[in-house]
Amino acid sequence: MTTTHRIAVIGGDGIGPEVIAEARKVVDAVLATASGSTVEWIDYDLGAHRWLEDGVVLPDETLEEWRSLDAILLGAVGDPAVGVAAPAGLVERGILLKMRFELDQFINLRPFHFADGARRVDFEVIRENTEGTYAGEGGFLRKNTPHEVATQGSVNTRMGVERCIRYAFGRAAVTERKLLTLVHKKNVLTFSGDLWQRTFDEVAPEFPDVTTNYQHVDAACIHFVERPEQYDVIVTDNLFGDILTDLGGAIAGGVGYAASANLNPARTGPSMFEPVHGTAPDIAGKQLASPVAAVISAALMLDFLGEADAAARVQKACATPEKYSGSTSDIGDAIVANL
Ligand code: IPM
Ligand code: MN
């Protein structure tokens with residue numbers, strides 16, 4: 001069906017704007033041939049540079065505007081200069097985490113596909129995206145005294161865990177291997193781990209075709225490096241998912257190819273799509289960054305918007321990203337030529 005998708009776009013900082021420019025180029029080109037749909041891109045000037053300029057991080061009015069849009073495409077935000085003037089991660093938390101929480105993007109989907117000689121990486125991580133240690137529970141007592149206490153709790157609700165696990169089962173149910181691995185640390189995190197495992201076991205009978213498995217997160221780190229081909233779909237909590245997906249990037253050709261989707265599968269708000277990599281300030285503005293992760297993130301967006309054919313074409317053009325070389329925009333042009 002031909003339609004106009006209304007998409008907020010945030011280039012952000014560092015290499016963000018460069019890679020997002022290529023992702024937009026690819027989306028416009030593929031839609032023109034695949035479905036005839038178009039995109040109304042709505043630009044937002046946000047990121048560390050904006051905070052340094054006038055103190056704006058993410059206004060509530062902007063967040064409200066986004067609620068009526070179809071999706072958000074984001075490059076990368078953050079700048080080491082912010083850390084000097086403000087608490088570390090101010091902009092990352094103020095934009096990324098605020099968006100994930102307020103728009104209820106409760107799934108962080110991160111696919112890893114890469115083949116290199118004998119090693120085959122072909123799996124996806126479903127990371128819970130609104131709870132756990134990211135929920136901000138905790139605080140200081142007697143701050144800046146020798147008796148200071150700092151606590152940082154992990155919030156795990158039955159509702160939050162269950163909707164994430166059910167989504168992961170749904171993904172595993174449509175893959176070829178139909179294997180879902182729960183990753184946690186239930187030998188030590190006996191409360192949250194117990195809730196995750198119990199919920200997992202209770203949802204499993206709804207998906208009789210899916211084979212289930214469990215691994216402790218430390219063991220999973222070894223398996224990621226030594227035997228990544230065993231995985232199909234992985235489901236895990238917010239912090240374990242954050243760490244594991246950086247490792248996933250490292251074993252799948254580098255974080256420069258790693259894409260992500262912050263999904264609100266209930267569609268009560270727009271979902272957000274972003275490369276896993278950061279702002280890479282050392283190479284910013286030089287057309288040296290690969291736009292592949294941003295382009296694959298845009299493919300995830302197209303798929304979520306119902307543009308399955310366009311999404312498949314972009315994925316196919318990015319299947320062997322090592323073959324692309326040249327400047328950021330050369331690579332974008334080459335992907336367009338391969339659609
Ligand atoms: C990620 C990032 C973020 C996270 C940071 C920038 C807040 O590392 O998307 O993986 O920890 O979730
Ligand atoms: Mn991370």
Side-chain angles (χ1 to χ4, degrees), residues 10-16 19-20 23 46-51 57-58 63 71-83 86-112 123-138 152-156 160 164 183 217 220-221 224 234-264 270-281 284 289 292-294 296-298 300-301:
I10 306 154
D13 303 302
I15 59 170
V19 297
I20 287 301
L46 295 171
H49 68 276
R50 178 74 193 273
W51 182 79
V57 180
L58 171 54
L63 203 55
I72 300 161
L73 184 64
L74 186 144
V77 294
D79 187 320
V82 174
L90 176 97
V91 170
E92 293 90 323
R93 279 182 287 109
I95 297 179
L96 287 177
L97 298 192
K98 184 169 173 180
M99 193 186 319
R100 289 174 186 171
F101 285 36
E102 294 291 324
L103 300 176
D104 208 18
Q105 294 161 349
F106 61 90
I107 296 296
N108 196 321
L109 170 70
R110 296 184 164 177
F112 299 97
F123 64 83
E124 62 186 33
V125 176
I126 310 288
R127 161 186 174 190
E128 200 291 320
N129 215 26
T130 55
E131 299 192 343
T133 43
Y134 278 68
E137 194 235 27
Q152 190 100 45
S154 173
V155 176
N156 298 262
C164 176
V183 171
V217 65
C221 288
F224 261 49
I234 292 169
V235 64
T236 192
D237 92 341
N238 208 339
L239 183 59
F240 295 148
D242 177 49
I243 299 165
L244 268 185
T245 53
D246 267 27
L247 186 55
I251 60 160
V255 85
Y257 299 152
S260 80
N262 295 263
L263 303 177
N264 174 339
S271 296
M272 186 267 278
F273 302 82
E274 54 165 347
V276 175
H277 65 66
T279 56
V292 167
I296 299 175
S297 302
L300 297 174
M301 178 179 80

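Index from 1, following the sequence. Every number for a ligand or one of its atoms is a count from 1 in the order of the listing.
The closest side-chain heavy-atom distance from Leu103 to Asn264 is not below 4.5 Å. For the pair Glu128 and Ile107, the minimum side-chain heavy-atom distance is 4.5 Å or more.
Between Glu131 and Arg100 there is no salt bridge, since no side-chain nitrogen of the basic residue lies less than 4.0 Å from a carboxylate oxygen of the acidic one.
Note: Phe224 and Phe123 meet the aromatic proximity criterion, with ring centroids under 6.0 Å apart.
Taking any N or O of Tyr134, backbone or side chain, at least one lies under 3.5 Å from an N or O belonging to ligand 1. Of the polar atoms of Asn108, none of the N or O atoms is found under 3.5 Å from an N or O of ligand 1, judged by distance alone.
Asp242 and Tyr134 share a side-chain donor-acceptor pair at under 3.5 Å.
The shortest contact between atom 10 (O) of ligand 1 and any protein heavy atom is with Asp242 OD1, 2.9 Å.
Residue Arg110 has at least one heavy-atom neighbour below 4.0 Å for each of these atoms of ligand 1: 1 (C), 9 (O), 10 (O).
If you look at Asp242 and ask which of its N, O or S atoms sits nearest the Mn ion (ligand 2), the answer is OD1.
By the criterion of a heavy-atom distance under 4.0 Å, the side chain of Arg100, and not its backbone, is placed next to ligand 1.
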